Asks: 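Quick one: this structure, given as C-alpha cells, is what I'll be asking you about.
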Amino acid sequence: MYFRVDNEQVVPVDKNTFLEERNVVAVFNHKQWKEEKKLQNKYQLTQSIENVHFCKVERHIGYLFGTCYVPIPKEHMSHKEFVFYIIEGKIIFIDDSNTIVDEINRIAQEKIRRKYSLERLLYDVLINLIENDLLFLELIEQEISKIEEYVLKGTLDNFNTKMLEIKKMIAKLYRYYSQMTDLGEEILDNEEEFFEKEGYATFRVFTDRASRLQNETQTLREYAMQVQDVYQSEIGIRQNNVMKVLTIVTTIFLPLTLIVGWYGMNFVYMPEISWRFGYPMVILISALIVIGSLLLFKKKKYW
Amino acid sequence: MYFRVDNEQVVPVDKNTFLEERNVVAVFNHKQWKEEKKLQNKYQLTQSIENVHFCKVERHIGYLFGTCYVPIPKEHMSHKEFVFYIIEGKIIFIDDSNTIVDEINRIAQEKIRRKYSLERLLYDVLINLIENDLLFLELIEQEISKIEEYVLKGTLDNFNTKMLEIKKMIAKLYRYYSQMTDLGEEILDNEEEFFEKEGYATFRVFTDRASRLQNETQTLREYAMQVQDVYQSEIGIRQNNVMKVLTIVTTIFLPLTLIVGWYGMNFVYMPEISWRFGYPMVILISALIVIGSLLLFKKKKYW
Amino acid sequence: MYFRVDNEQVVPVDKNTFLEERNVVAVFNHKQWKEEKKLQNKYQLTQSIENVHFCKVERHIGYLFGTCYVPIPKEHMSHKEFVFYIIEGKIIFIDDSNTIVDEINRIAQEKIRRKYSLERLLYDVLINLIENDLLFLELIEQEISKIEEYVLKGTLDNFNTKMLEIKKMIAKLYRYYSQMTDLGEEILDNEEEFFEKEGYATFRVFTDRASRLQNETQTLREYAMQVQDVYQSEIGIRQNNVMKVLTIVTTIFLPLTLIVGWYGMNFVYMPEISWRFGYPMVILISALIVIGSLLLFKKKKYW
Amino acid sequence: MYFRVDNEQVVPVDKNTFLEERNVVAVFNHKQWKEEKKLQNKYQLTQSIENVHFCKVERHIGYLFGTCYVPIPKEHMSHKEFVFYIIEGKIIFIDDSNTIVDEINRIAQEKIRRKYSLERLLYDVLINLIENDLLFLELIEQEISKIEEYVLKGTLDNFNTKMLEIKKMIAKLYRYYSQMTDLGEEILDNEEEFFEKEGYATFRVFTDRASRLQNETQTLREYAMQVQDVYQSEIGIRQNNVMKVLTIVTTIFLPLTLIVGWYGMNFVYMPEISWRFGYPMVILISALIVIGSLLLFKKKKYW
Amino acid sequence: MYFRVDNEQVVPVDKNTFLEERNVVAVFNHKQWKEEKKLQNKYQLTQSIENVHFCKVERHIGYLFGTCYVPIPKEHMSHKEFVFYIIEGKIIFIDDSNTIVDEINRIAQEKIRRKYSLERLLYDVLINLIENDLLFLELIEQEISKIEEYVLKGTLDNFNTKMLEIKKMIAKLYRYYSQMTDLGEEILDNEEEFFEKEGYATFRVFTDRASRLQNETQTLREYAMQVQDVYQSEIGIRQNNVMKVLTIVTTIFLPLTLIVGWYGMNFVYMPEISWRFGYPMVILISALIVIGSLLLFKKKKYW
Ligand SMILES: [Mg+2]
Ligand SMILES: [Mg+2]
Ligand SMILES: [Mg+2]
Ligand SMILES: [Mg+2]
Ligand SMILES: [Mg+2]
Ligand SMILES: [Mg+2]
Ligand SMILES: [Mg+2]
Ligand SMILES: [Mg+2]
Ligand SMILES: [Mg+2]
Ligand SMILES: [Mg+2]
Ligand SMILES: [Mg+2]
Ligand SMILES: [Mg+2]
Ligand SMILES: [Mg+2]
Ligand SMILES: [Mg+2]
Ligand SMILES: [Mg+2]
Ligand SMILES: [Mg+2]
Ligand SMILES: [Mg+2]
Ligand SMILES: [Mg+2]
Ligand SMILES: [Mg+2]
Ligand SMILES: [Mg+2]
Ligand SMILES: [Mg+2]
Ligand SMILES: [Mg+2]
Ligand SMILES: [Mg+2]
Ligand SMILES: [Mg+2]
Ligand SMILES: [Mg+2]
Ligand SMILES: [Mg+2]
Ligand SMILES: [Mg+2]
Ligand SMILES: [Mg+2]
Ligand SMILES: [Mg+2]
Ligand SMILES: [Mg+2]
Ligand SMILES: [Mg+2]
C-alpha cells in the first residue's frame with residue numbers, strides 16, 4: 001500500500017506516485033517485497049530482512065535501514081517485528097503483520113496537525129509502539145510488590161520460579177528500551193539528510209521517552225533485586241527459627257532422658273532406688289529443668 | 001491567575017496583559033485549562049497533562065513542555081504534581097493544588113532583588129521544591145543509623161520490612177533527583193531561546209544542587225546496603241551461636257546417656273552391676289565427661 | 001597471494017602489481033612474511049607478529065597494525081589468529097590458517113556490488129568473523145535456560161562446574177566483542193587517511209554490530225548470574241527442608257523416649273508401675289504427643 | 001583581617017586597601033560578616049552561610065560562592081567548615097575557626113616563589129586541606145589489614161561493628177574527595193574570568209590530586225568489601241565445623257545408645273541376656289562402631 | 001649521566017652539552033639531584049620527590065613532573081620507583097635504582113630506527129616497564145584456575161587466605177595500569193608543547209596498551225570473583241551434605257531407640273514382655289524401620 005504525506009493529510013496513492021514523488025510511504029509484506037526487485041536494485045536495498053533480533057538503525061550509502069523487534073507485553077514472550085528503509089523523501093516498511101498499515105490508517109483518519117511531515121509520521125509510528133508501556137511497567141511493579149508482601153508474611157512458595165520469570169521479562173524490556181533509545185539517536189543523527197528541515201528534532205522526544213522507560217525498567221530491576229535479597233534473608237531467618245526449635249527440644253529433653261536413664265541403671269548398690277522420696281525428687285528435678293530451660297531460652301530471646 | 005515580572009517586581013495582571021505582553025506568567029487549574037482552547041490552538045499546546053509520572057522537560061516546536069511529579073517526603077508515598085509550558089516571554093503553569101500560586105505570591109511579597117526575570121521566577125519555583133530536602137535525607141540517615149544500632153545489638157525484629165520501606169523511599173528519591181537534574185539540564189540547553197540574556201545561567205545552580213541531592217541519596221543507598229549486609233552477617237552469626245548450644249548440649253548428654261543406658265542392660269553376666277563401687281564410678285565418669293567437654297568447648301571458643 | 005580490488009571485481013595479481021599499484025591486498029603466512037625484508041623495511045613494519053592475545057589496531061607512522069585473536073565458538077576454547085597492516089592503498093594479511101585467503105576467494109567469486117573498494121574488502125573480512133555469532137549466543141542462552149529448569153526442579157548436579165564453564169565462555173566472548181568494537185572504532189578514526197573517500201563510513205555498521213553482540217553477551221552474563229543466585233537460594237531452601245525433617249523427627253521422638261525411659265526407672269516406690277492402666281495410659285499419651293506434634297508442625301507449615 | 005598578594009609577597013593591609021585594590025583577600029568570622037552589609041550589597045552576596053554540608057562552588061552573577069565541609073581524619077566524625085566568595089580580584093573567606101588565617105600567615109612567612117598570585121593563594125589554601133590525607137588513608141588500610149588477619153585466624157569479635165565504622169569513614173572520605181574534585185573543576189572552568197592569566201591552570205593539579213585520593217578511597221572500599229566477603233565465608237566455614245562436630249557425636253553415640261537400650265529390654269524370652277558372652281560381645285560391637293565411625297569421618301575429611 | 005638523542009643515535013654527553021643543547025636526557029640519583037640547586041632554580045623544579053605512591057604526570061608552568069611507582073610482579077609486593085621532569089627539549093630522570101640508566105644504555109646499543117626522538121626514548125622507557133606484564137597476568141590466571149579446580153573437587157584448604165592474596169595483587173595491578181593509562185593520556189595531551197612534531201602520537205600506543213592490561217586485570221578480577229562465588233556455593237553444598245548425614249542418622253536411630261526403650265519399661269501389666277514372639281517382633285520392626293528409612297531417603301535424593 002502507498003501513501004503520500006501532504007502538509008496536512010496522509011492520503012493513499014498509487015504505485016507510480018510513490019515512485020515519482022517525495023514524502024511518500026510504502027508498506028509491503030515479505031512476499032511482496034521479494035518481487036520488488038526493481039526498487040531494490042535502484043537503491044541497492046540488499047539487507048536481509050529475515051531473522052530480526054534487534055531494534056536498530058544502520059546507516060548505508062543512500063539510505064537508512066531499520067529493524068524493529070517489539071515484545072508484546074500482554075502476550076508473554078511473543079513479539080512483533082518489521083523492518084524499514086528510509087530513502088530521501090521515501091519510507092518503505094516491510095511488515096507481515098498489519099501493525100504499520102493499521103497505524104498509518106489511524107493517522108490518516110485523525111485530524112492532522114499543521115505542517116505534518118514524513119518524519120512526523122515515522123515518529124508517530126515508533127512512539128505508538130511504546131505509548132502505553134508505562135502502564136505495563138506499573139503492572140510488573142505491582143506484581144513484584146505482591147510477591148514482596150507474601151515474602152514478608154512468610155507464605156510464598158515458588159518464589160524463585162516467579163521472580164526469575166519477572167526478572168527475565170524486565171531484562172527483555174530493558175534491552176528493548178535501550179535499543180529503542182539508540183535507534184532514536186541514530187535517526188536524530190541522520191535526520192537532516194533524509195527529512196526536510198523542521199526547526200527542531202521531533203525524535204529527541206522519542207529518544208528521551210525511550211530512555212525514561214529504560215530508567216524505569218532499571219528501577220524495576222533494582223526493586224526485584226531488593227525483594228530477592230529480602231527472600232534470601234528470610235530463608236536465613238526461617239532456618240534460624242527451625243534451629244531454635246530443634247535446640248530447645250534437645251536442650252529440654254536430653255537432660256531429662258539422662259536422669260530417667262540414670263535411675264534405670266541396674267546397680268545393686270544404688271541407695272536412691274529404694275529411698276522413699278526418690279521418685280518424687282526425680283519429678284521435682286525434671287520440672288525444675290523444664291522451667292529453668294524455658295526461662296533461659298526466653299531470656300535469650302529464642303522466641 | 002496572571003502575573004507580570006518587572007525588573008524589580010512580580011505584579012498580578014489581567015488576562016489581556018498576559019496575552020499581549022512579554023515576561024508574564026499564567027497559572028490555571030486543569031478545569032480552567034481545558035477551556036482555554038484559543039490559547040492552546042495559538043501555540044499548538046497539545047500535550048496530555050493527565051497521568052504525570054516524571055519530572056521532565058520536552059522540547060517542542062515553539063515551546064518547552066514540562067511536567068513535575070514531586071514526592072512529599074513527610075507524607076509517606078504521596079506526591080504533588082503540576083505541568084508547565086514555556087513559550088517565548090511567557091510561562092503557563094497548570095496546577096490543581098495551590099503550590100504554584102502560593103509560591104508566586106510569596107515571591108511577589110519578598111523584597112525583590114535587582115534584575116529579577118521570568119527565568120529567575122521559574123528557577124525560584126523549582127529550587128523551592130528541593131530547598132529543604134537535605135534535612136529529610138538526614139532524617140532517613142538517622143533512621144538507618146538507628147536500625148544499624150539495633151542490628152549490632154541483636155535486638156531488631158522486622159528488619160526486612162523496615163529496611164525495604166526505607167530502600168523504596170530512597171529509590172523513589174534517587175529517581176526524582178535524577179530526573180530533576182535532567183530537567184535542569186534541559187532548561188539550561190534551551191534557555192537562550194526562551195529567556196532574555198542574563199550573563200550566566202541561573203539553572204546551573206539548580207542542576208548542581210539536584211545532582212548533589214542525587215549523590216547524597218546514592219550515599220544513603222550504599223549505607224542501607226551496608227546495614228543490610230551486616231544484618232545478613234548477623235543472621236549467620238546468630239545461627240552459629242544456636243548451633244553451638246545444640247552441639248554443646250548434645251556432646252555433653254549423649255555420652256552420659258550412653259553410660260546410663262549401658263548399666264541399664266539386663267545381662268545376667270555383667271560384673272560391674274554388683275560391684276560395690278560401680279555406682280560411684282559412674283558418677284565420677286559422668287562428672288569427668290561434663291568437665292572435660294566444657295573445657296574442650298571453652299578451648300575451642302564455643303562461647 | 002596478491003589481489004587487486006577493481007571498481008567491481010577482486011582479481012588475483014602478481015607481486016609487482018601489488019608493489020606498484022594501489023587498492024591491492026597481499027596474504028602471507030608467517031614463514032613467507034619473514035622473508036619479505038624489503039617490504040618490511042620500506043614501510044618500517046617492525047611489529048612482533050607472534051603471541052597474538054588481543055583484537056586491536058595500533059596507529060603507527062605511515063600505517064595501521066592490526067591483530068585478531070578470534071575464539072571459535074564451536075570448538076571449545078580454541079581460536080584462530082591473524083595480523084594485518086593497512087598502508088595507504090594496500091592491505092597486508094599475515095595468516096597461517098587459510099581464513100583470509102578463503103574469504104577473499106569467496107568475495108572474488110561473488111557477484112560484486114558497485115563501487116567495491118579496499119575498505120569494503122576489509123569490512124567484509126572482519127564482519128564475516130562475527131556474522132553467525134548471534135546464533136551461537138542463542139545456543140548459550142538455551143544451555144543456561146536448561147540449567148535453570150533443572151535448578152528449579154531441584155535435580156541438578158555439578159551446577160557449579162557447568163555454570164563456571166559457561167561463565168568463562170561468556171567472559172571470553174564479552175572481551176572479544178569489546179575488543180572488536182574498539183578495533184572497528186580505531187579503523188573508523190583513521191579510515192580517511194588510508195582509504196579513498198566513500199560518502200559514509202562502512203565500518204560504523206561493523207562497530208555497531210560488534211557492540212550489539214557485546215550487549216547480548218552482557219545480557220547472557222546477567223542471565224547466568226540470576227540463575228546462579230537462584231541456585232544459591234535453592235541450596236538454602238533445601239537446607240531448610242533437611243533441617244525441618246531433623247526437627248520434626250527429634251521433636252516427636254525425644255518426648256516419647258523420655259516417657260519410656262521414665263517408666264524404665266527402677267524406683268521401688270513408683271505407684272504407676274503396678275497400676276493396672278499404667279501401660280495403656282503410656283500408649284495413649286504417646287499417641288497424643290505424636291498427633292499433637294504433627295498438627296503443630298502442619299500449622300507451622302513445616303511441610 | 002585583610003591581605004594583599006604582591007608579585008612576591010603576601011602582606012597584611014587595612015580595610016580600605018581591600019575595598020579599593022585588586023589581588024586582595026579578606027577573612028571574616030560569621031559575626032563580622034553579618035555586619036558587612038555594605039560589602040554584601042555591593043556585590044549582592046546573599047548566600048546562606050549556615051548549614052554547610054558540601055564542598056562545592058556555585059557560579060553566581062559576578063562572583064563564585066564556595067563552601068567547604070572538611071572531615072578531620074584524626075578526630076572521629078568531626079569536621080571544620082568555611083565558605084568563600086571569589087569576586088574579580090578579591091577573595092573573601094568566612095571562617096569561625098582559625099584555619100584560613102593561620103594558613104595565610106604561614107604562606108606570608110614562607111619565602112614566596114616568583115609570580116605569586118591570588119589564584120595561587122587559593123590553591124595553596126585548598127591543597128593544604130588534603131596535603132597529608134594519603135597518610136591517613138594508609139592508616140585505614142593498615143587497620144583493615146589487621147582486621148583481615150584476625151578474620152583469617154578466626155579470632156575476631158565485633159567484626160561487624162568495627163568494619164561498619166571503617167566503611168562509614170571511607171564513604172565519608174569518598175564523598176569528600178569526590179566533591180573536592182568537582183570543586184576544583186568548577187574553579188578551573190571559571191578561573192579565566194576571576195583570576196589573571198597565568199600560562200597554565202594551577203587548579204588542574206589540585207583536581208587531579210583530589211581525584212587520585214578519591215581513587216585510593218575507592219580501592220580501600222573494595223578492600224573492605226573483600227574482607228567482608230571473607231568474613232561472611234568464614235562464618236559459613238565455622239558453621240560447617242560446628243555441624244561436623246554435632247554430626248560426628250550423634251553418629252557415634254546414637255547407635256551405641258540403641259544397642260545398650262536394646263539389651264535393656266525386659267523381654268522374658270531374650271536369649272542374649274543370659275548368654276555368657278553377651279556382655280563382652282556388646283563391648284566389642286560398641287568398640288567396632290566407634291572405630292568404624294571415626295575411620296569413616298576421617299576418610300570423608302570431617303577433620 | 002647525560003645523553004643526547006640524535007636523529008639516529010643515543011650518545012653520552014657531558015654536563016655542559018646537557019645544559020646548553022636540546023634533545024638531551026639526564027639521569028640523577030636522589031643525592032646528586034639534591035645538589036643540582038642551579039638546575040632546580042632555573043626551571044623552578046620544586047616538587048617533592050620522596051614518598052612516591054602513584055604513577056602520574058602533573059602539568060606545571062614550564063615543565064611536566066612525573067612519578068612512577070612500579071610493582072615488581074615477580075617479587076611479591078615490592079616495587080621500584082623513579083620520578084622525571086620533562087622540560088622543553090630535555091628530560092631529567094631521578095632514580096636510585098639503575099632502571100633508567102640500564103634502559104637508556106640498552107637503547108643506545110640497539111640499532112636505532114630512523115627519526116629517533118626524545119619523545120620516542122621516553123616512550124621506550126615507559127613501555128618497557130609493562131612489556132612483559134601480560135605473561136605475568138597469565139600466571140595469575142593459571143593460579144586462579146588451579147584454585148578453581150581444587151574448589152570444584154572439594155579439596156581446598158586455606159581458600160580465603162590464598163584468594164585474598166591474589167585479589168590484593170590484582171587490585172594493585174589494576175590501580176597501576178589505570179594510573180599508567182592516565183599518565184600516557186596526560187603526556188599525549190601535552191606532547192606538542194614539549195616534544196618536536198612527529199606526524200602521529202607514539203604515546204597513543206602506550207596508552208592503549210596500558211588500557212588493555214587494565215582490561216585484562218579487570219577480567220582476572222571477575223574470574224576471581226566467580227571462583228569466590230563458587231567457593232561460597234560449595235560451602236553451602238557441603239553443609240547440606242553434613243546436615244543430611246545428621247538427619248539420616250537421627251531419623252533411623254531415634255525410632256529404634258524409642259522401641260527398645262518402650263520394652264525397657266517396668267510395667268507389671270505389659271503383655272508383650274512375656275509374649276513368646278515379642279523379641280522377634282521387635283527385631284522385625286527395627287529392620288523394617290531401617291529399610292524403610294533408607295528407601296525414603298534414597299527416594300528423596302539424600303545421597
Ligand atoms: Mg545500549
Ligand atoms: Mg541504566
Ligand atoms: Mg533507581
Ligand atoms: Mg541478587
Ligand atoms: Mg543489591
Ligand atoms: Mg534512574
Ligand atoms: Mg539519569
Ligand atoms: Mg551513582
Ligand atoms: Mg558515596
Ligand atoms: Mg544487598
Ligand atoms: Mg556494597
Ligand atoms: Mg573494553
Ligand atoms: Mg544492554
Ligand atoms: Mg559492561
Ligand atoms: Mg540487560
Ligand atoms: Mg553472583
Ligand atoms: Mg545481580
Ligand atoms: Mg552480587
Ligand atoms: Mg553486585
Ligand atoms: Mg560525585
Ligand atoms: Mg582505581
Ligand atoms: Mg565510584
Ligand atoms: Mg581498584
Ligand atoms: Mg558486601
Ligand atoms: Mg565484591
Ligand atoms: Mg555485591
Ligand atoms: Mg583512574
Ligand atoms: Mg573497568
Ligand atoms: Mg570482561
Ligand atoms: Mg564476591
Ligand atoms: Mg559477580
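Because the structure is predicted, anything quoted here is derived from the model rather than measured.
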Asks: Is there a donor-acceptor contact under 3.5 Å linking the side chains of His53(C) and Glu138(E)?
Replies: yes

Asks: So for Phe159(C), is it side chain, backbone, both, or neither that comes closer than 4.5 Å to the heavy atoms of chain E?
Replies: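 Interface part for Phe159(C): neither.
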
Asks: Using every non-hydrogen atom in the two residues, find where Ser274(C) and Tyr269(E) come nearest and quote the distance to one decimal.
Replies: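 Distance-wise, the nearest heavy atoms are O-CE1, 3.1 Å.
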
Asks: Would you give the length of the straight line joining atom NZ of Lys301(E) to atom CG of Asp157(C), rounded to the nearest 0.5 angstrom?
Replies: 8.0 Å

Asks: Rounded to the nearest 0.5 Å, how far apart are OG1 of Thr161(C) and CD of Glu148(E)?
Replies: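 So the OG1 of Thr161(C) and the CD of Glu148(E) are separated by 8.5 Å.
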
Asks: Show, in sequence, the C-alpha distance, side-chain angles and deciding distance for Phe253(C) and Leu256(E), and conclude whether the side-chain contact (heavy atoms from CB on, under 4.5 Å) test is met.
Replies: CA-CA 10 Å; Phe253(C) 284 99; Leu256(E) 299 182; over 6 Å; no

Asks: Contact between Phe54(C) and Arg209(E) at the side-chain level, heavy atoms closer than 4.5 Å - yes or no?
Replies: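 Side-chain contact under 4.5 Å: no.
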
Asks: Would you compute the distance between atom NZ of Lys168(C) and atom CD of Gln226(E) and round it to the nearest 0.5 angstrom?
Replies: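 Separation between the atoms: 8.5 Å.
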
Asks: Would you tabulate the side-chain donor-acceptor contacts of residues 241-252 of chain E under 3.5 Å, counting partners in other chains and residues two or more places apart, or write 'none'?
Replies:
residue   : atom : partner   : partner atom : Å
Thr247(E) : OG1  : Met243(E) : O            : 2.8
Thr250(E) : OG1  : Leu246(E) : O            : 2.7
Thr251(E) : OG1  : Thr247(E) : O            : 2.5

Asks: May I ask you to test the Asn51(C)-Leu134(E) pair for a side-chain heavy-atom distance under 4.5 Å?
Replies: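 No - every pair of side-chain heavy atoms lies 4.5 Å or more apart.
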
Asks: Would you give the length of the straight line joining atom OH of Tyr174(C) to atom CD of Glu222(E), rounded to the nearest 0.5 angstrom?
Replies: 8.0 Å

Asks: Side chain, backbone, both or neither: which part of Glu272(E) has a heavy atom under 4.5 Å from chain C?
Replies: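 The side chain, not the backbone.
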
Asks: Around Phe136(E), counting heavy atoms of other residues, nucleotides and ligands shown, do more than 12 lie under 6.0 Å from its CZ?
Replies: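 Correct, the count exceeds 12.
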
Asks: Output the option from Val227(E), Val230(E), Val151(E), Asp208(E) having the highest count of non-hydrogen pairs under 4.5 Å with chain C.
Replies: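 Of Val227(E), Val230(E), Val151(E), Asp208(E), Val230(E) has the most heavy-atom pairs under 4.5 Å with chain C.
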
Asks: Using side chain to side chain contact (heavy atoms under 4.5 Å, CB included) as the criterion, point out the one residue from Leu258(E), Val260(E), Ile259(E) that pairs with Thr257(C).
Replies: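 Exactly one candidate clears the test, Leu258(E).
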
Asks: Measuring heavy-atom distances to chain E, does Trp275(C) have an atom under 4.5 Å in its side chain, in its backbone, in both, or in neither?
Replies: backbone

Asks: Please classify the contact of Gln232(C) with chain E as side chain, backbone, both or neither, using a heavy-atom distance under 4.5 Å.
Replies: side chain

Asks: Report the option among Pro255(E), Gly264(E), Gly261(E) that has the most heavy-atom pairs separated by less than 4.5 Å from atoms of chain C.
Replies: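 Answer, by heavy-atom pair count under 4.5 Å with chain C: Pro255(E).
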
Asks: Highest number of heavy-atom pairs under 4.5 Å with chain E: which of Arg238(C), Arg276(C), Met265(C)?
Replies: Arg276(C)

Asks: With a 4.5 angstrom heavy-atom cut-off, is it the side chain or the backbone of Ile237(E) that approaches chain C, or both, or neither?
Replies: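 For Ile237(E), heavy atoms of backbone and side chain both lie under 4.5 Å from chain C.
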
Asks: Do Asp229(E) and Gln228(C) pair up side chain to side chain, a donor and an acceptor below 3.5 Å, judged on atom types alone?
Replies: no

Asks: Once rounded to the nearest 0.5 Å, what's the spacing between atom CD of Glu234(C) and atom CG of Asn240(E)?
Replies: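 That separation rounds to 11.0 Å.
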
Asks: Flag the pair Asn215(E) / Arg175(C) as yes when at least one side-chain heavy-atom distance between them is below 4.5 Å, and no otherwise.
Replies: no

Asks: Taking atom OH of Tyr302(C) as the centre, report whether more than 12 heavy atoms of other residues, nucleotides or ligands fall under 6.0 Å from it.
Replies: yes

Asks: Rounded at 0.5 Å granularity, tell me how far CZ in Arg120(E) sits from CD1 in Ile61(C).
Replies: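 Here the interatomic distance stands at 7.0 Å.
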
Asks: Compare all side-chain heavy atoms of Asn266(E) with those of Phe267(C) and state whether any distance is below 4.5 angstrom.
Replies: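 Not in contact.
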
